[in-house]
Amino acid sequence: ADVPLVFFNGEKELLKVNNLYAITEPWLDIPSQNLIGQTIKELCLNLSEKVPCPKKLVFAVRKQGQSRSIENLDEVKATLTGLDIDFVDFESKSFLEQIAIVREAKGLVGVHGANLTNLMFLPAHSWVIEISFPLLQNPPWNRFCYRHLAQACKTKHIFFLDAEGAAGMEGPVWLNAPKLRLAIEAEI
């Protein structure tokens, strides 16, 4: 429709949307990348080109006990000390706060899930490390949606597969913290 849509995002934030795209299975559009490319262009408005030399890293986390939260988060934080990394619970942030946080990051790290959609707001030529599971790499799952989104955004995508999760990916995740640090340092 030509009429702008309006959404309430939290109690005090109002968003006006001129175009709304609904992509339920983004990897199905990958051969042409037309829909994803158009979506990225519309959403990001080429903002990524205007961010000068981002330096910090963002690690997307979920509250303890939630599906795909990090069970050994204290160990991970201790192992990553000195890397200038912010651990962010995006659920507690407004949409505009999420954009502002990610726009200033040179890298985004997170477990496979909705938090990684924020990668589309990373500055151009940054990177994302998707903590994933062997289950997602094989049929019938083949969940490469964040890899394809990263490609559309000109963002480097890395799978980190040294993680253990509950069956069906609905429980907490345990990470090999030293190997994760090596993967992050390789991108820095």
Handout entry: Close side-chain approach of L57 to V109, heavy-atom, < 4.5 Å
Key = no
Can you give the donor-acceptor pairs under 3.5 Å from side chains of residues 178-188 to other protein atoms, not counting sequence neighbours?
from : atom 1 : to   : atom 2 : distance (Å)
K179 : NZ     : D162 : OD2    : 3.1
R181 : NE     : E185 : OE2    : 2.8
R181 : NH1    : T79  : O      : 2.7
R181 : NH1    : T81  : O      : 2.9
R181 : NH2    : E185 : OE2    : 3.2
E187 : OE1    : K156 : NZ     : 3.0
E187 : OE2    : K156 : NZ     : 3.4

Practice task
Carefully, step by step, assess V173 and S69 under the rule side chain to side chain contact (heavy atoms under 4.5 Å, CB included).
Solution key: CA-CA 6 Å; V173 176; S69 61; over 6 Å; no
Handout entry: I158 and E130, any side-chain heavy atoms less than 4.5 Å apart
Key = no
Handout entry: Straight-line distance of L175 CG to I131 CD1, nearest 0.5 Å
Key = 4.5 Å
Problem - Separation between CD of E104 and CZ of F121, rounded to the nearest 0.5 Å - result: 14.5 Å
Handout entry: Taking every non-hydrogen atom, the tightest pair across T155 and S126
Key = CG2-O, 3.3 Å
Exercise for the section: For D86, enumerate each residue passing the side-chain contact (heavy atoms from CB on, under 4.5 Å) test, keeping only those at least two apart in sequence or located in another chain. Expected result: K56, V88
Exercise for the section: Kindly determine whether I70 and N72 satisfy side chain to side chain contact (heavy atoms under 4.5 Å, CB included), including the steps that lead there. Expected result: CA-CA 6 Å; I70 299 171; N72 60 330; 3.6 Å; yes
Problem - Backbone of S94 reached by a side-chain donor or acceptor of E97 within 3.5 Å - result: yes
Exercise for the section: Name all residues meeting the side-chain hydrogen bond (donor to acceptor under 3.5 Å, both in side chains) criterion together with D84; count only those two or more places apart in sequence or in a different chain, and write none if there are none. Expected result: none
Completion exercise
One should read off an interatomic distance between K106 NZ and H125 NE2, to the nearest 0.5 angstrom, of 15.5 Å
Problem - Any donor-acceptor pair under 3.5 Å from Y146 side chain to G113 backbone - result: yes
Handout entry: Residue pairs fulfilling ring-ring contact (aromatic ring centres under 6.0 Å, His included) with at least one residue in residues 66-93, sequence neighbours excluded
Key = F59-F87
Handout entry: Interatomic distance, Q64 atom CD to D74 atom CG [nearest 0.5 angstrom]
Key = 7.5 Å
Exercise for the section: Can you see which heavy atom on L73 is nearest to which on V61, and at what distance? Expected result: CD1-CG1, 4.0 Å
Exercise for the section: Could you list the residues that satisfy side-chain hydrogen bond (donor to acceptor under 3.5 Å, both in side chains) with Q98, not counting sequence neighbours? Expected result: N118
Practice task
Can you measure from CD1 (I129) to NE2 (H157) and round to the nearest 0.5 angstrom?
Solution key: 9.5 Å
Problem - Distance, nearest 0.5 Å, that separates CZ of R103 from CG of L122 - result: 9.5 Å
Practice task
Using atom types as modelled and distance alone, determine if a side-chain donor or acceptor of E91 lies under 3.5 Å from a backbone N or O of R62.
Solution key: no
Handout entry: Shortest non-hydrogen separation from P123 to A105 and the atoms involved
Key = CD-O, 3.0 Å
